[in-house]
Amino acid sequence: MPSSTVEDYVKSIYALQRDAPTGEATVARIAATLGVTKGSVTSMVRKLREARLVDAQRYGGIKLTKKGQTLALDVIRRHRIIEVFLVEVLGFDWSEVHEEAERLEHAMSAKLLDRLDEHLGRPAIDPHGEPIPDAHGRIDPDPSIPLTELEPDQSATIASIRDSDPALLERVKAIGLTPGTRVMLVSRSRWRLTVKPGRRPPVELRRADAERCHVRPAP
């Protein structure tokens, strides 16, 4: 059975691949995401390559193999179902469930996970709007784009908030940018965007925050 450290690595690589223009993770990005040294990452990537979980060139990018992706999606499924349970059943705020799910995801058996999934009604998304892989590791394609890619006066629906930072989640929640909310881009500059969430007055949003808000443009 993979260790919790291996599971953390493949999950992080999956997310970095998804967000990177090249479709690859890098040692530096993995180190920053996990809060470890580049040397630690290099050592672990070597082990992951030996376990056939990643493909990695000496000075190139890092990508999950099919085996690695299967493991990553299994960990992501556990994590996101736990987050749904914490919010919908135990009443946690969406800004505080990530760290709790991080602790619990490694200890949950497949049987318990399936019972929990069934109890929750087989949810399709987590509290942050991210899709939940099914029991076979299938995950729906995500056609959403960063809020920063909208044009002025273009409308969209908030699909997900791709971040686990409680402070960011609190900021976007406070101005109404939660999954399912209609939003219109009013204007943008190099550092900030002005958006109109639902029926609320326009508000300013830092570009760095807006990049973590993914939307589905209106037809």
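Connection of Ile81 to Ile139 is not established within any shared hydrophobic cluster, with ILVMFWY side chains joined at heavy-atom distances below 4.5 Å, either directly or through further cluster members. Leu113 and Val89 end up in the same hydrophobic cluster when Ile, Leu, Val, Met, Phe, Trp and Tyr side chains are linked at under 4.5 Å. Under the 4.5 Å side-chain heavy-atom criterion for ILVMFWY residues, no single connected hydrophobic cluster contains both Leu169 and Ile82. Connection of Met108 to Ile76 is not established within any shared hydrophobic cluster, with ILVMFWY side chains joined at heavy-atom distances below 4.5 Å, either directly or through further cluster members. Trp94 and Leu120 are not part of a single hydrophobic cluster, where members link through side-chain heavy atoms under 4.5 Å apart.
Proximity of Glu96 to Pro166: side-chain heavy atoms (C-beta onward) are nowhere separated by under 4.5 Å. Residues Pro197 and Val203 are in side-chain contact: their nearest non-hydrogen atoms beyond the backbone lie under 4.5 Å apart. Between Val41 and Leu34, the closest side-chain pair of non-hydrogen atoms is not below 4.5 Å. Here the side chains of Arg78 and Asp74 are in contact, with some heavy-atom distance below 4.5 Å. At a threshold of 4.5 Å between non-hydrogen side-chain atoms, the residues Val195 and Pro202 do not count as touching. Inter-residue side-chain proximity for Arg212 and Val172 is flagged as unmet; no heavy-atom pair is nearer than 4.5 Å. Side-chain contact check for Pro131 versus Arg80: some heavy-atom pair is nearer than 4.5 Å. For the pair Leu185/Glu151, no side-chain contact is recorded, criterion being any heavy-atom separation below 4.5 Å from C-beta on.
With rounding to the nearest 0.5 angstrom, the OG atom of Ser3 is 8.5 Å from the NE2 atom of His106. With rounding to the nearest 0.5 angstrom, the CD atom of Glu102 is 10.5 Å from the CD atom of Glu7. Here the CD atom belonging to Gln69 is positioned 5.0 Å from the CG atom belonging to Leu73, to the nearest 0.5 angstrom. Between atom SG of residue Cys213 and atom CD1 of residue Ile175 there is a gap of 7.0 Å, rounded to the nearest 0.5 Å. Atoms NZ and CG, on Lys63 and Asp55 in that order, are 8.5 Å from each other to the nearest 0.5 Å. Here NZ of Lys196 is found 14.0 Å from OG of Ser187. Values are rounded to the nearest 0.5 Å.
More than 12 heavy atoms of other shown residues, nucleotides or ligands fall within 6.0 angstrom of atom CZ in Arg162. A 6.0 Å sphere centred on CZ of Arg199 holds no more than 12 heavy atoms belonging to other residues, nucleotides or ligands. With a 6.0 Å radius and a threshold of 12 heavy atoms from other residues, nucleotides or ligands, Arg122 has its CZ atom above the threshold.
Nearest heavy-atom pair across Leu150 and Pro217 is CD2-CG, 4.2 Å. When every heavy atom of Arg200 is checked against every heavy atom of Ala174, the shortest pair comes out as NH1-O, 3.0 Å. For Ser144 against Asp142, the heavy-atom pair with the smallest separation is OG-OD1, 2.7 Å. For Leu168 against Ile161, the heavy-atom pair with the smallest separation is CD2-CG2, 3.7 Å. Here the shortest heavy-atom pairing between Thr157 and Arg182 reads OG1-CD, 3.4 Å. Nearest heavy-atom pair across Glu149 and Arg188 is C-NH1, 4.1 Å.
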For this session: Please step through salt bridge (charged side-chain N to carboxylate O under 4.0 Å, His left out) for the pair Arg77 and Glu105, ending with a clear verdict.
Result: CA-CA 9 Å; Arg77 171 175 164 78; Glu105 67 189 26; over 6 Å; no

For this session: Carefully, step by step, assess Ile62 and Val27 under the rule side-chain contact (heavy atoms from CB on, under 4.5 Å).
Result: CA-CA 8 Å; Ile62 301 158; Val27 168; 4.0 Å; yes

Exercise. Passes side-chain contact (heavy atoms from CB on, under 4.5 Å), Ile13 versus Leu48? Steps please.
Worked result: CA-CA 11 Å; Ile13 293 170; Leu48 296 177; 4.1 Å; yes

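Proximity of a side-chain donor or acceptor of Ser43 to a complementary backbone N or O of Gly39 within less than 3.5 Å is not detected. Remark: the backbone N or O of Arg52 is paired with a side-chain donor or acceptor of Thr65 at under 3.5 angstrom. Of the possible donor and acceptor atoms, one in the side chain of Ser12 sits under 3.5 Å from a partner among the backbone N and O of Asp8. Checked by atom type and distance alone, the side chain of Lys47 never pairs as donor or acceptor with a backbone atom of Val6 at under 3.5 Å.
Side chains of His79 and Asp126: a donor-acceptor N/O pair is absent below 3.5 angstrom, by distance only.
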